[in-house]
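What follows is a set of notes on a single structure, which appears directly below.
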Amino acid sequence: FDTYERFKIFFMPMVARYPGMKILLWNYPGQAFTSFADDANLNNKYHAECLSKLLSHLEGTGKGKFSLDDRFFFLAHGSGASIATYYAATYRSTNLKGLLLVNGLSYVDTHFASVFHDCRNVFSCSPESRPDLPVYFYARFLFSQSYLSKTTSSLALNIYTAIHNPITLDGRKRLCQGVLAHVDTRPLLKDIGSPIISIHGENSTLVRSTHASEYVK
């Protein structure tokens, strides 16, 4: 449910430090400022197709801001890892230098599924006039006890919501449905020719650390 504006702030110092670095950030369908068809299944397969079309569009503009002729990395977090690995296995770009996955999801396990079943049910009962309710409910799955032992839950929530994120209620519900229909990427990993670096926090509460082992088999 995040938005690229949050990560833009995160990457700005890095880009300033390394002249010539290019980073492509995008909001995939379901996230803020996006549109999507009523019958679209917003899962990892669909989002990988959208990424492929986005890269082809940027290549065709001729503006030179992002070229698939240049070597590049994927950096993916959480559910985004299942999009990145699906794309890498399916489209097999020869210039993909590697994938860096942070708390990456390889398949929808029972824990992840139960979280998003609950989220979908709560979001479906939330009124449009209270966009804060989905945020409060989802946040309970984000903050580990180790993190909360160093700060208060109210401060953690304030930090999380500091960046404006106008994702719609329908977008949240459709993303919940989409992740529950993710294609299991474990059988596809063998088709990825680029190296994969998987970093997983032992206190990750949403995506369990057992997923990291799938990328090192």
Side-chain angles (χ1 to χ4, degrees), residues 1-17 23 25-28 30-34 42 47 75-84 100-180 182 197-215:
F1 305 123
D2 273 330
T3 178
Y4 86 89
E5 286 84 2
R6 179 193 304 277
F7 292 100
K8 180 180 179 180
I9 295 173
F10 176 83
F11 284 117
M12 285 297 288
M14 189 182 303
V15 174
R17 183 176 180 180
I23 297 178
L25 296 173
W26 65 299
N27 280 351
Y28 49 68
Q31 292 179 311
F33 308 111
T34 64
L42 307 187
H47 285 138
L75 171 60
H77 174 258
S79 179
S82 68
I83 301 172
L100 175 58
L101 311 179
V102 181
N103 289 351
L105 178 77
S106 56
Y107 70 103
V108 179
D109 60 18
T110 54
H111 169 71
F112 192 84
S114 66
V115 168
F116 279 91
H117 274 296
D118 288 347
C119 285
R120 182 183 60 183
N121 293 337
V122 170
F123 297 168
S124 297
C125 299
S126 301
E128 293 279 358
S129 59
R130 291 293 307 275
D132 56 314
L133 295 181
V135 176
Y136 292 149
F137 183 79
Y138 180 62
R140 64 189 294 191
F141 303 109
L142 295 180
F143 309 133
S144 68
Q145 289 302 314
S146 175
Y147 175 57
L148 292 178
S149 68
K150 302 173 184 177
T151 186
T152 63
S153 57
S154 59
L155 179 58
L157 188 60
N158 286 339
I159 294 173
Y160 176 67
T161 58
I163 306 302
H164 181 53
N165 180 11
I167 183 174
T168 65
L169 184 59
D170 184 51
R172 289 184 184 276
K173 291 186 290 186
R174 294 288 298 279
L175 286 175
C176 286
Q177 295 170 359
V179 298
L180 291 171
H182 271 348
I197 300 174
S198 177
I199 302 174
H200 215 108
E202 63 179 0
N203 294 317
S204 173
T205 56
L206 187 57
V207 181
R208 298 289 173 83
S209 58
T210 52
H211 285 266
S213 63
E214 300 296 337
Y215 301 115

Whether [X] side chain and [Y] backbone form a donor-acceptor pair below 3.5 Å:
| X | Y | result |
| --- | --- | --- |
| H200 | R208 | yes |
| Q31 | D2 | yes |
| S82 | S106 | no |
| N103 | G201 | yes |
| H47 | G178 | no |

So, for [X] and [Y], which heavy atoms are closest and what is the spacing to 0.1 Å?
| X | Y | answer |
| --- | --- | --- |
| A84 | A76 | CB-CB, 3.8 Å |
| G30 | L42 | CA-CD1, 4.0 Å |
| L206 | F112 | O-CD1, 3.8 Å |
| C119 | F141 | SG-CE1, 4.1 Å |
| H211 | G104 | CB-O, 3.3 Å |
| C176 | V179 | O-CG2, 3.2 Å |

Handout entry: Under 3.5 Å side-chain donor-acceptor pair for N27 and T3
Key = yes
Practice task
Would you please say whether a donor-acceptor pair under 3.5 Å links the side chains of S146 and S144?
Solution key: no
Handout entry: Working for side chain to side chain contact (heavy atoms under 4.5 Å, CB included), residues I83 and Y28
Key = CA-CA 10 Å; I83 301 172; Y28 49 68; 3.8 Å; yes
Problem - Exceeds 12 heavy-atom contacts within 6.0 angstrom, atom OH of Y147 - result: yes
Practice task
Any salt bridge (charged side-chain N to carboxylate O under 4.0 Å, His left out) involving residues 165-177? Give me the pairs, sequence neighbours left out, ordered by first then second residue.
Solution key: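 Found none.
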Practice task
Can you tell me which residue pairs pass the salt bridge (charged side-chain N to carboxylate O under 4.0 Å, His left out) test with a partner in residues 117-130, sequence neighbours excluded?
Solution key: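 Qualifying pairs: R130-D132.
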Atom [atom1] in [X], atom [atom2] in [Y]: separation rounded to 0.5 Å?
| X | Y | atom1 | atom2 | result |
| --- | --- | --- | --- | --- |
| R6 | N165 | CZ | CG | 7.0 Å |
| F123 | L133 | CZ | CG | 10.0 Å |
| I163 | F10 | CD1 | CZ | 13.0 Å |

Exercise for the section: Just do the side chain to side chain contact (heavy atoms under 4.5 Å, CB included) check on I199 and L100 with the steps written out, would you? Expected result: CA-CA 8 Å; I199 302 174; L100 175 58; 3.7 Å; yes
Practice task
Could you please spell out the steps behind the side chain to side chain contact (heavy atoms under 4.5 Å, CB included) verdict for V15 and I23?
Solution key: CA-CA 8 Å; V15 174; I23 297 178; 3.7 Å; yes
Practice task
Verify side chain to side chain contact (heavy atoms under 4.5 Å, CB included) between T151 and F143, making sure each step is shown before the conclusion.
Solution key: CA-CA 10 Å; T151 186; F143 309 133; over 6 Å; no
